[in-house]
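Reading through the structure tokens given below for one structure.
Predicted model, so just to flag it, every value in this text is computed and none were measured. In what follows, every chain begins at residue 1, and chains take the letters A, B, ... in the order their sequences are listed.
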Number of protein chains: 2
Amino acid sequence: MDSPVTTRLSEQLREKIEESIVTGAYAPGTRLEEIDLAEMHGVSRTPIREALIQLEAVGFISKRPRKGWEVTAIPAPRLCEMFDVMAEMEAMCGRLAARRATDVEQRRIRLTHQACQRAKEANDPAEYYRLNEVFHLAIYDASHNAFLIEQASALHRRLRPYRRLQLRVRNRMHTSFNEHEAIVQAIEAGQGDVASDLLRAHVVVQGERFTDLVSSLESLVSPKLSVVA
Amino acid sequence: MDSPVTTRLSEQLREKIEESIVTGAYAPGTRLEEIDLAEMHGVSRTPIREALIQLEAVGFISKRPRKGWEVTAIPAPRLCEMFDVMAEMEAMCGRLAARRATDVEQRRIRLTHQACQRAKEANDPAEYYRLNEVFHLAIYDASHNAFLIEQASALHRRLRPYRRLQLRVRNRMHTSFNEHEAIVQAIEAGQGDVASDLLRAHVVVQGERFTDLVSSLESLVSPKLSVVA
DNA sequence: GATTCTTTTTGTGTATACAGAAAACTGACT
DNA sequence: AGTCAGTTTTCTGTATACACAAAAAGAATC
């Protein structure tokens, strides 16, 4: 039924757990106990442990001396740093995409952008959010640098639970769309430096958006706090 | 004597094995067998396995279906992609460093550069190679972006066995030094964009250096090939 | 002599067992 | 009643054992 050579419980478990983190099911700060996870997935501790070790190596979780594993809660300042790096990587993708994108890839970017427009006009933030990811990934792909694509995608995924919050910001969807339009034009015109600068500005977290980010961070972590307060 | 809470054989083992890869003791393509490594280090398979899993997560080794673990041999085209990304990250470090470096950090960069000069004039490539790393790391630090520093350092380390080969290229030490001088000046002058562009050009693998890289790659992998040929 | 089938060996993936340490709880003493 | 000490429990790190699968080697047959 499923792939026969996918022998590797620990890999499948890593994907499952990572998915739970990325989607926010396991919020930052959540404790992960090996035995619980093992029972939950009906396996022994060993493959669970191996999955957790992989997740730790990529920074998704961290191990506290005697406290078990914990979903990494990224502090706001570090999150800004990560968005800065993300911005730079996207800028690089954009520069390369403007130089290297094939006709098919250009068309794919433009089409995804138009789909974003429909989602915007339908005032459907969820759909816009989904298409926004497709849009950015399309630009990554057009860079024709496999390593860059991997790195950018990984960081994109890492930041996913935090980016989702950004769209709640007032008018973000419209602003985002307008920025996309300019980016697409720059790529189509082959203007690498322009696309690069636009993408950097588009992704980076500046000014008031930083405050939004910080405040929305609080809605992610331990809900019990809100009960106390 | 050593840190008492460093209980974690797998961590120590990961560092040891990674060191062997980075220094080139384990050349690309080398087979790593769990039992051999376990005996070699006087431990059981479990911590070895955990160490290998971590190394796989970062891309140092990869697992072949039924062939065990193998030190990842990076193909030349991918290596170029990685150097391109490295160049972009260094460029970003330089741009930030020019804006943010403290007096102490500027002085540290300049001093390391002067040490490079002494190594160059003493015609000591090994020492120059070592100081070159210190120089670049000093620029990373001056960027004041902890995440960027981590990422850049990790990629730098990843590329280390390949960068070493580059210095064998004729006159590379002198060219490198001159480029460093311009970079230092740009950072001291606070010219972020200039530092950025210079660093990108300094790190990237272009033109004839690509050919050098490809040919030097062959000296890394399985020596039996040269016996056959 | 070559090819194919069978058997053996080797190596990985998962489970389980065991030891040691830290944290929590309980009891006693001040 | 509070604090300190001792005991118990829980959890982690490491070792070992077992099963399954693939590759290699050897034997038999064509």
Polar contact flag, side-chain donor to acceptor under 3.5 angstrom, A:Glu105-A:His144: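 A:Glu105 vs A:His144: donor-acceptor pair found between side chains.
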
Proximity to the side chain of [X] - top-ranked nucleotide from [options]:
X	options	answer
A:Ile35	C:dT14, D:dT16, D:dT12	D:dT12
A:Glu34	C:dT12, D:dG13, D:dA15	D:dG13
B:Glu33	C:dT12, C:dA15, D:dG13	C:dT12

B:Thr46 side chain near D:dT14 phosphate (N/O to OP1/OP2, under 4.0 Å):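 No, because none of the side-chain N or O atoms of B:Thr46 sits under 4.0 Å from OP1 or OP2 of D:dT14.
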
C:dT12 phosphate, OP1 or OP2, under 4.0 Å from B:Arg49 side-chain N/O: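 No, B:Arg49 has no side-chain N/O under 4.0 Å of OP1/OP2 on C:dT12.
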
If I take atom [atom1] in residue [X] and atom [atom2] in nucleotide [N], what distance separates them, rounded to the nearest angstrom?
X	N	atom1	atom2	result
B:Arg14	D:dG13	CZ	P	15 Å
B:Glu50	C:dG13	CD	P	14 Å
A:Glu39	D:dC11	CD	P	10 Å
A:Lys63	C:dA21	NZ	P	17 Å
A:Glu70	D:dT12	CD	P	13 Å
B:Leu9	D:dT12	CG	P	18 Å
A:Arg64	D:dC11	CZ	C1'	16 Å
A:His41	C:dA15	NE2	C1'	17 Å

State plainly whether the residues [X] and [Y] are in salt-bridge range, i.e. N to O under 4.0 Å.
X	Y	value
B:Arg157	B:Glu19	yes
A:Arg78	B:Glu150	yes
B:Arg14	B:Glu11	yes

Mutual orientation of the aromatic rings belonging to A:His113 and A:His180 [parallel < 30°, tilted 30-60°, perpendicular > 60°]: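 Tilted, since the angle between the ring planes falls between 30° and 60°.
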
Polar pair under 3.5 Å, donor/acceptor by atom type, side chain B:Arg45, base C:dG13: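 Such a pair exists between side chain and base.
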
